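Encoded as structure tokens, the structure appears first; notes follow it.
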Amino acid sequence: MATVADTHGAEHEHGPAKGILRWITTTNHKDIGTLYLTFAMIMFLVGGAMALIIRAELYQPGLQLVDPHFFNQMTTLHALIMVFGAVMPAFAGFANWMIPPMIGAPDMALPRMNNWSFWILPFAAVLLSATLFMDGGAIASGWTLYPPLVLQFGDALPFTIFSVHLLGISSILASINIIVTIFNLRAPGLTMMKMPMFCWTWLITAFLLILVMPVLAGAVTMLLFDKFFDTSFFDAAGGGDPVLFQHLFWFFGHPEVYIIILPAFGIVSQIIPTFSRKPLFGKNSMIFATAVIGFLSFIVWAHHQFTVGMPVPAELYFMYATMLIAVPTGVKVFNWLATMWKGSLTFETPMLHALGFLVLFVFGGFTGIMMSQAPADLYYHDNYFIVAHFHYTLVGGGVFAIFAGLFYWLPKWTGTMYDEKLGKLHFWLSFLGFNLLFMPQHFLGLAGMPRRIPDYAVQFTEFNQMSSVGAFIFGFTQLLLVYIVYKCVKGEGEKASGEVWEGAKSHGLEWNLPSPMPYHHSFEGVDIQKAVADE
Amino acid sequence: MILHNLKRLFVLSFLVALGETAWADYALNIPVGPTETSRVIYGFHMYAIWVCVGIAVVVFGVMFYSIINHRKSKNPVPATFHENTTLEIVWTVIPVLILIGLAVPATKALIRIEDTSDAEMTIKITGYQWKWHYEYPEEGIQFFSSLDEASNRARQLGSDIDPKTVPNYLLEVDHPLVVPVNTKIRFLITAADVIHAWWVPAFGWKKDAIPGFMNAAWVEIEKPGVYRGQCAELCGRDHGYMPIVVKAVTKEEYRDWVAQWKQEHAVRQAEEAQWSMETAMKRGKEIYNTHCVSCHQVDGSGVPGTFPALAGSTVVTGDVDGVIEVVLEGKGAMPAFGKDENIGDADLAAVITYVRNAFGNQVGDVVKPDNIADVR
């Protein structure tokens, strides 16, 4: 291109490249969003299969199916794959697909880096999964990787750590891209305070990721040094301290749970107003509450460690700070309720999932308040009560929000309505299966069953059986989701209009675009200025 | 009470639906144990639950009111309001007040639970993969406590033994921790290899056992009885198989137990002074069942691909110094037993004698404590 002649328009007439190279070389935010979501779905099924192995073994007391060591590998990989392979990439997929159209941008700001940040993921996932086939199997320390236990594992350890490094790099690159995009590519007139909640929650999430991922990378690198280079960061015999790792891990780990839940808040904050046919209540306080939650997430980490023997003043501090999180979280919940109040509600699948999110997340919030109480946590800690709690927040909260977002935007992405009947069936089976799966675990924990055990005393049998039945219902329901999405992508179903949902135009720029959005410049032929002003 | 019965009804009807017949002793809630701390934690737990139930009634009440009455069919024209500063201040301040209401009693409870001063006796607890070691420093008593044989047989993969036929399946040990009632006992808790956590639900609290560090906790048990618990921190393959059994007895019975233990110990030392094949094998079997069995198995067959078999092993039946070296130094996943101050040379000599003469191995020699000292 030797001249500066404007070949711009002609150049973008063509559609996507053909064949597999389209996906490998793509720098298009929509393609990369699809890649992220497809990857997340595959990992969700892999991690889910591991969960089903766990629940099958726990169906009755005694060991029937797997060796305890393999059981521990399953609990470890299930968590790592679900957190880093399924939930986080799913939200990154939503960010890629939706942030540019929500802010009136043609694409992400750094498209090549975008390609790279996705393509690191499959390699990291393969590295991690391959450890299952190594001598001695995958690491079996739980996803928390506590030393000295984790240092007992062989070949799998360096591979797992390298995989964590790669996952961290991928997350940081994606975060940088999101921050740069939001700061620089907003349409004229779309001020920060006018920006949709989903973009806001992702902006704050991206900052959290950039701040904590290096801490995790540092901590696991110290493990590597302790294992192979004779350092003693975490070995008391050499002057180190095993609990130091726990502090570093949870300094990453606590913000990490907000990294999972904040984008979920964002999605739900888009959906509830649309189906209530009312603007979001108290948007400014929503933004402020999100920022406060992000800040608080950095100063509460040791509430995961109330039993390690901290001094009492430290325990008290972490208890008070943790309790404070209930305040901004409460503000968000009340705002959603006020948004629904006197609205004109309809209950399509996205709204059902959003309401499912609200019920389950609030329930998980209650158990969270209970566990913030240090004296009671001395009982709850490391038993099934905590397992129930974090699945209510991360699955009931995070995953249900992903379902909600998927059904909400799928017609916009494909131009085809999903099958509403099957969608509702998927919601109800998921919701009932989920509660049957995790509700009994509260009682197991209170009755005294520790977590991460492959076998249990016979008085825990009944609730474990209920839980396992629920797990299989919830798990197999997700195959239905795959079918619904497949059908929709294939174009089997009604054509979707640009607005998709009644009155959606006033709830986001993306609904001013045709469905599906043009492959290249989403906003070609759309008056962005007018759309921004109308909102 | 009504709520409790309703819950039972719900659970029972569900189990009937499943066609399940055994729901004998499931529990729904935290046990109210025999200590003040346990009652405090239980009370606090219930208080927090009721606070949450109160909030839940309001939140879910508003939500379902809205879902029912503000649906499009009933309310076709939505309102347009989207902020109300007074309301937003109210629902920020009220939660703060509720939290203060929780924090004040929690602070008091925590300070009390963590106060280990003025203890009348001390017991040192050491977590091992995968058993507990108890030491009464004032009495000179110490012993290991590991999963009992019946549970251990039943818990093997494909054992075909129904756990329901094993009394206290996975919650029974060979040597329980014996303590007197109405005595403030301080536990000093540590670990030898990885992090464990000592947890008896009836006492309420749990405490991590961390290698190289000493944590403190306490109990004052009011009622004699047997209290059972488990390790609560993932500590490797057999994390689920290191139960805790605390036998609380009256002060008199405790004194008798101490005296009896000392007497038995003296008799045993006298027996072992002669160090015959018989005494070495007897003690060796006990040591084996405590320290070796979880990997090398009861019949010495190991776990193919992970833990080598001892039965028929040419290493085990070969040069005795070689065997001693492996036991002292460890190898791969096997710990260096020679570095453990809770396992003496006599124990090592006994167990090496045992493995060379059990499971069909027939070397016929008796390893003496001196042999161990020589290799060291």
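Note that the coordinates shown come from a computational prediction; the quantities given were computed from them, not determined experimentally. To find a chain, count down the sequence lines: A is the first, B the second, and so on, and within it residues start at 1.
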>> I'd like to know whether the aromatic ring centres of A:H303 and A:F318 sit less than 6.0 Å apart in this structure.
In response: no

> At a heavy-atom separation under 4.5 Å, does B:T92 approach chain A through its side chain, its backbone, both, or neither?
Replying inline: both

> Which region of B:I113, side chain (C-beta onward) or backbone (N, CA, C, O), has a non-hydrogen atom less than 4.5 Å from a non-hydrogen atom of chain A, or is it both or neither?
Replying inline: side chain

>> Donor-acceptor check, side chain of A:E57 to backbone of A:V66, threshold 3.5 angstrom: yes or no?
In response: yes

> Can you tell me if B:H70 and B:Y65 form a side-chain donor-acceptor pair at under 3.5 Å?
Replying inline: no

> Can you tell which of B:P95, B:A217, B:C235, B:P243 has the highest number of heavy-atom pairs within less than 4.5 Å of chain A?
Replying inline: B:C235

> Between B:R155 and A:D455, is the closest basic N to carboxylate O distance under 4.0 Å?
Replying inline: no

>> Can you tell me which portion of A:M323 sits under 4.5 Å from chain B's heavy atoms? Options are side chain, backbone, both or neither.
In response: both

>> What part of B:Y169 gets within 4.5 angstrom of chain A, counting heavy atoms only: side chain, backbone, both, or neither?
In response: both

> Does the side chain of B:E36 pick up a donor-acceptor pair with the side chain of B:S38 at under 3.5 Å?
Replying inline: no

> Where does A:L444 contact chain B at under 4.5 Å (heavy atoms): side chain, backbone, both or neither?
Replying inline: neither

>> Let's test your reading of the structure: which of B:A216, B:A197, B:P31 forms the most heavy-atom pairs below 4.5 Å with chain A?
In response: B:P31

> Which salt bridge (Lys or Arg N to Asp or Glu O under 4.0 Å) pairs, counting each pair once, include a residue from residues 55-81 of chain B, with sequence neighbours left out?
Replying inline: A:E502-B:K72

> Side chain, backbone, both or neither: which part of A:D235 has a heavy atom under 4.5 Å from chain B?
Replying inline: neither

>> Under 3.5 Å, is there a donor on one side chain and an acceptor on the other for B:W205 and B:T37?
In response: no

> Counting heavy-atom pairs under 4.5 Å to chain B, which of A:G282, A:P147, A:A376 comes out on top?
Replying inline: A:G282

> With chain B, which of A:L280, A:V359, A:T339 has the greatest number of heavy-atom pairs at distances under 4.5 Å?
Replying inline: A:V359

> Taking the six-membered ring for Trp, are the ring centroids of A:F347 and A:F275 within less than 6.0 Å of each other?
Replying inline: no

> Using non-hydrogen atoms only, which part of A:P328 is less than 4.5 Å away from chain B: side chain, backbone, both, or neither?
Replying inline: neither

> Are the side chain of A:K278 and the backbone N or O of A:A338 linked by a donor-acceptor pair below 3.5 Å?
Replying inline: yes

>> Taking side chain as everything from C-beta outward and backbone as N, CA, C, O, which of these in A:V150 sits under 4.5 Å from a heavy atom of chain B? Side chain, backbone, both or neither.
In response: neither

> Would you say the side-chain atoms of A:R451 pair up with the backbone N or O of A:D382, donor to acceptor, closer than 3.5 Å?
Replying inline: no

> With only heavy atoms counted, which part of A:T75 is less than 4.5 Å from chain B, the side chain, the backbone, both or neither?
Replying inline: neither

> Sub-3.5 Å donor-acceptor pair from the side chain of A:S344 to the main-chain atoms of B:P76, do we have one?
Replying inline: yes

> Is there side-chain contact between B:F213 and A:V243, with heavy atoms separated by less than 4.5 Å?
Replying inline: no

> Using a cut-off of under 4.5 Å for heavy-atom pairs, which of A:R452, A:H69, A:M449, A:Q73 has the most such pairs with chain B?
Replying inline: A:R452

> Ion pair present between A:K283 and B:E83, side-chain N to carboxylate O less than 4.0 angstrom?
Replying inline: no

> Does A:F71 have any ring-ring contact (aromatic ring centres under 6.0 Å, His included) partners at least two apart in sequence or in another chain, and if so, which?
Replying inline: none

>> Under 4.5 Å from any heavy atom of chain A, what part of B:F203 do you find: side chain, backbone, both or neither?
In response: neither

>> Please classify the contact of B:N215 with chain A as side chain, backbone, both or neither, using a heavy-atom distance under 4.5 Å.
In response: side chain

> What part of A:Q64 lies closer than 4.5 angstrom to a heavy atom of chain B: side chain, backbone, both or neither?
Replying inline: backbone

> If you count heavy-atom pairs under 4.5 Å with chain A, which of B:I94, B:V93, B:I210, B:L171 comes out on top?
Replying inline: B:I210

> Looking at A:F306, A:F153, A:F70, A:Y320, which has the largest count of heavy-atom pairs under 4.5 Å with chain B?
Replying inline: A:Y320

> Between A:F361 and A:W336, is the ring centre distance below 6.0 Å?
Replying inline: no

> Measuring heavy-atom distances to chain B, does A:F334 have an atom under 4.5 Å in its side chain, in its backbone, in both, or in neither?
Replying inline: both

>> For the interface with chain A, which of B:V59, B:V96, B:V40 has the highest count of heavy-atom pairs at distances below 4.5 Å?
In response: B:V59

> Which of the residues B:I41, B:I100, B:L157 is involved in the greatest number of heavy-atom pairs with chain A at under 4.5 angstrom?
Replying inline: B:L157

>> Under a 3.5 Å distance rule, please check whether A:H442 uses its side chain to pair with a backbone N or O of A:T367 as donor and acceptor.
In response: no

> Taking atom types as modelled, is there a side-chain donor on B:S151 or B:E172 under 3.5 Å from an acceptor on the other?
Replying inline: no

> Given that the side chain runs from C-beta out, which part of A:N284 has a heavy atom under 4.5 Å from chain B: side chain, backbone, both or neither?
Replying inline: neither

> Does the ring centre of A:F281 sit less than 6.0 Å away from the ring centre of A:W341?
Replying inline: no

> Taking every heavy-atom pair that is under 4.5 Å apart, which of A:G136, A:A236, A:A140 has the most such pairs with chain B?
Replying inline: A:A236

> Out of B:G212, B:A79, B:P211, B:G240, which one racks up the most heavy-atom pairs below 4.5 Å with chain A?
Replying inline: B:A79

>> Heavy-atom cut-off 4.5 Å, strictly under: side chain, backbone, both or neither for B:E88 against chain A?
In response: side chain

> Does any heavy atom of chain A fall under 4.5 Å from the side chain of B:I55, the backbone, both, or neither of them?
Replying inline: both

> B:D160 versus chain A, heavy atoms under 4.5 Å apart: side chain, backbone, both or neither?
Replying inline: neither

> What part of A:A237 gets closer than 4.5 Å to chain B, counting heavy atoms only: side chain, backbone, both or neither?
Replying inline: neither

> Between B:Q156 and chain A, which part of the residue has a heavy atom less than 4.5 Å away: side chain, backbone, both or neither?
Replying inline: backbone

>> Can you tell me which of A:L149, A:N383, A:D67, A:I453 forms the most heavy-atom pairs within a distance under 4.5 Å of chain B?
In response: A:L149

